[in-house]
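Since the structure comes first, as structure tokens, the remarks are kept for the end.
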There are 2 protein chains.
Amino acid sequence: MNTPDPRSPRRTDALSRERIVEATIEILDTAGENGLTLRAVTAHLSTGRGAIYHHVINKDELLAAAAEGVIGPVLARTAGDTEPRAAIRTLALGIFDAIDRHPWVGTQLSREPLQPAVRQIWTAVGAQLHRLGISGTALSDAGSALVSYVLGAAAQYAAGARRSPDAATRQRYLEHLAEQWARLDPDPLVQTSAAALAEHDDREQFLAGVDIFIAGVTSGDSGGD
Amino acid sequence: MNTPDPRSPRRTDALSRERIVEATIEILDTAGENGLTLRAVTAHLSTGRGAIYHHVINKDELLAAAAEGVIGPVLARTAGDTEPRAAIRTLALGIFDAIDRHPWVGTQLSREPLQPAVRQIWTAVGAQLHRLGISGTALSDAGSALVSYVLGAAAQYAAGARRSPDAATRQRYLEHLAEQWARLDPDPLVQTSAAALAEHDDREQFLAGVDIFIAGVTSGDSGGD
DNA sequence: CCAGTCTTGGACCGGCGGTCCAACTCTGTC
DNA sequence: GACAGAGTTGGACCGCCGGTCCAAGACTGG
């Protein structure tokens with residue numbers, strides 16, 4: 001019931017969906033997923049809420065658009081005509097590196113399977129698998145497996161980056177895990193395996209997983225149905 | 001600054017962490033992840049908020065405890081001494097079926113890598129992979145890949161169940177995806193592959209992914225490092 | 001120059017997670 | 001059996017969130 005404050009001077013540069021998404025990505029990068037509030041977006045753009053809702057449906061759509069803004073260019077850049085196995089590796093690494101730079105994308109991709117970014121990943125993966133000679137049910141199974149792995153690893157990595165920004169917490173977790181493994185079996189092999197767990201490099205491990213799936217997909221038969 | 005209402009009669013049955021977690025699972029199952037509010041939990045237990053915070057740190061811990069309450073028994077039930085490959089399949093299917101019954105678990109597992117439920121999955125997976133003769137770096141790579149795949153597929157499936165409870169929306173999405181694939185290549189093989197995508201069974205596809213992983217892990221060499 | 005349309009910004013709403021503390025109950029002690 | 005201290009309980013309260021609404025202002029075609 002207050003009488004509104006006198007109007008502040010109006011912005012000179014026009015608001016647009018692109019500018020809003022841009023600001024969203026910037027906020028997510030600097031303040032993290034929890035730092036993204038529509039209030040932060042309006043503040044960043046020096047505007048009010050109504051203006052934003054005029055260009056964007058809601059926060060979910062904003063997140064999906066931001067993820068697409070990050071993933072889209074990565075996929076486009078990776079569309080080369082190299083050997084399919086290498087192309088899949090490049091594709092996966094591109095996604096991994098994008099998430100390394102923007103951890104919130106890892107969370108977002110797992111949240112909503114119908115969003116454009118995920119659809120683009122599916123399409124890209126499917127195309128490469130097909131070039132490997134896989135088709136029919138085998139293609140949809142292999143695509144599903146690879147996409148699930150990539151998104152799962154992305155979410156894990158992103159959550160790790162979010163929750164333990166300090167290496168110490170992370171190290172303690174890995175050591176706890178290694179200890180539990182080691183306790184399961186006195187075999188010295190297990191002991192060294194457990195030690196390996198605590199010393200791995202995330203990016204290499206991610207790529208090793210991609211290789212496992214590629215090997216699994218190409219080992220048994222030639223696909224087909 | 002109101003004077004408080006006269007006290008309602010005090011509860012007779014004692015409040016406990018178990019009862020709170022139980023109520024949380026019940027609410028998550030019936031009302032979904034968005035339906036879980038601490039207010040709903042207090043209402044369900046006919047109590048106030050302070051009482052709950054006396055037994056539980058915060059909502060995140062409550063979610064983690066609920067997930068452990070679902071996943072723990074599944075893993076325990078699957079600890080048999082069968083052949084490792086079969087054990088991995090059983091393990092994975094157990095998790096899948098649990099998430100089919102409690103979709104919110106799929107989301108929760110991806111949210112927080114340090115939570116007990118995830119640690120338990122890691123340990124179980126590691127044990128079976130070791131029985132397959134894998135060790136050293138290969139073990140930690142394979143374990144990471146399998147856990148990422150299972151959690152990734154779980155999150156995808158859970159998100160799908162949450163977002164398109166009606167089969168129609170889901171079908172439209174799959175058809176759109178299939179159409180995009182089909183457009184990439186006039187090859188009739190692609191056409192049939194795309195068709196396969198729209199007709200798959202989630203559970204079978206999930207298991208197919210596990211098999212691809214197992215094939216990949218056991219194909220190259222015997223592990224070790 | 002003016003009338004009609006579209007954009008803008010901020011007040012407002014219901015509801016959330018979390019804190020705090022007075023009232024109450026329970027338990028051990030004499 | 002009475003009582004005092006410790007521990008539990010419930011609800012008022014706080015700051016903040018996403019989303020709605022609409023009057024004030026800016027822009028555009030005639």
Side-chain angles (χ1 to χ4, degrees), chain A residues 1-24 27-28 31-66 104 107-108 111-112 162-163, chain B residues 1-24 27-28 31-67 104 107-108 111-112 115 162-163:
Chain A
M1 244 3 108
N2 296 346
T3 148
D5 293 344
R7 275 291 156 126
S8 48
R10 175 172 273 231
R11 56 182 321 99
T12 61
D13 45 347
L15 212 50
S16 71
R17 193 187 149 95
E18 279 112 46
R19 274 176 45 80
I20 294 174
V21 171
E22 227 171 79
T24 302
I27 292 170
L28 284 165
E33 327 176 33
N34 291 335
L36 180 73
T37 66
L38 288 193
R39 279 164 173 82
V41 177
T42 59
H44 195 282
L45 292 169
S46 318
T47 182
R49 241 96 74 58
I52 283 184
Y53 278 94
H54 209 270
H55 295 272
V56 156
I57 299 175
N58 58 24
K59 195 184 178 182
D60 280 352
E61 200 219 343
L62 203 51
L63 271 165
W104 52 271
T107 312
Q108 171 58 22
R111 186 154 30 220
E112 173 55 85
R162 170 165 38 90
R163 289 290 179 167
Chain B
M1 257 348 115
N2 296 346
T3 148
D5 294 347
R7 276 289 154 128
S8 49
R10 175 173 271 233
R11 57 183 318 99
T12 62
D13 45 349
L15 212 49
S16 70
R17 193 186 147 95
E18 279 112 47
R19 275 175 45 79
I20 294 173
V21 171
E22 226 170 80
T24 302
I27 292 170
L28 284 165
E33 327 177 32
N34 291 334
L36 179 72
T37 66
L38 289 193
R39 280 164 172 82
V41 177
T42 60
H44 195 282
L45 292 170
S46 318
T47 182
R49 238 94 72 57
I52 283 183
Y53 277 93
H54 209 270
H55 295 273
V56 156
I57 299 175
N58 57 24
K59 194 184 178 181
D60 280 352
E61 200 220 343
L62 203 51
L63 271 165
W104 51 273
T107 314
Q108 171 58 21
R111 186 159 23 225
E112 172 55 84
Q115 69 183 309
R162 171 164 37 91
R163 289 290 179 166

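Worth knowing before you read on, the calculation uses all heavy atoms, side chains too, and leaves out hydrogens, waters and symmetry mates. Just so it is clear: chains get the letters A, B, ... in the order the sequence lines come, proteins before strands, and each one is counted from 1. Not measured: the values here are computed from a predicted model.
Put simply, CG on B:Asn34 is 14 Å from P on D:dG18, counting in whole angstrom units. Atom CD1 of B:Ile20 and atom P of D:dT8 are 12 Å apart (whole Å). Note: CG (A:Leu45) to C1' (C:dG10) measures 15 Å, nearest angstrom. Counting to the nearest Å, the P atom of D:dC16 and the NZ atom of B:Lys59 are 19 Å from each other. The nearest whole Å value for the distance from the CZ atom in B:Arg49 to the C1' atom in C:dG18 is 7 Å. What separates CG of B:Asp60 from C1' of C:dC16 is a distance of 14 Å, to the nearest Å.
When each of B:Ile52, B:Val56, B:Leu36, B:Leu45 is tested with B:Thr24 by the rule side chain to side chain contact (heavy atoms under 4.5 Å, CB included), just one qualifies, namely B:Leu36.
Residue A:Ile57 is classed as having no contact, given no heavy-atom separation below 4.0 Å to the nucleic acid. Using a 4.0 Å heavy-atom cutoff across all strands shown, A:Leu36 reaches sugar-phosphate atoms only and no base atom.
Residue order along DNA chain C, read from the 5' end via each residue's closest nucleotide, puts B:Leu38 first among B:Gly50 and B:Leu38.
Listed pair A:His54 / C:dT7 meets the phosphate criterion, a side-chain N or O lying under 4.0 Å from OP1 or OP2. Here B:His55 does not reach the OP1 or OP2 of D:dT8: none of its side-chain N or O atoms lies under 4.0 Å away.
Annotation: side chain of A:Asp60 is not in contact with side chain of A:Glu112 (no heavy-atom distance under 4.5 Å).
Closest to the A:Thr37 side chain, of the nucleotides C:dT8, D:dG18, C:dT19, is D:dG18. Of the listed nucleotides (C:dT8, C:dG17, D:dC17), D:dC17 has the atom at the smallest distance from the side chain of A:Arg39.
Contact record, B:Leu38 with B:Arg49: O-CD, 4.3 Å, taken as the closest heavy-atom pair.
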Stepwise side chain to side chain contact (heavy atoms under 4.5 Å, CB included) check, B:Leu63 with B:Gln115: CA-CA 10 Å; B:Leu63 271 165; B:Gln115 69 183 309; over 6 Å; no

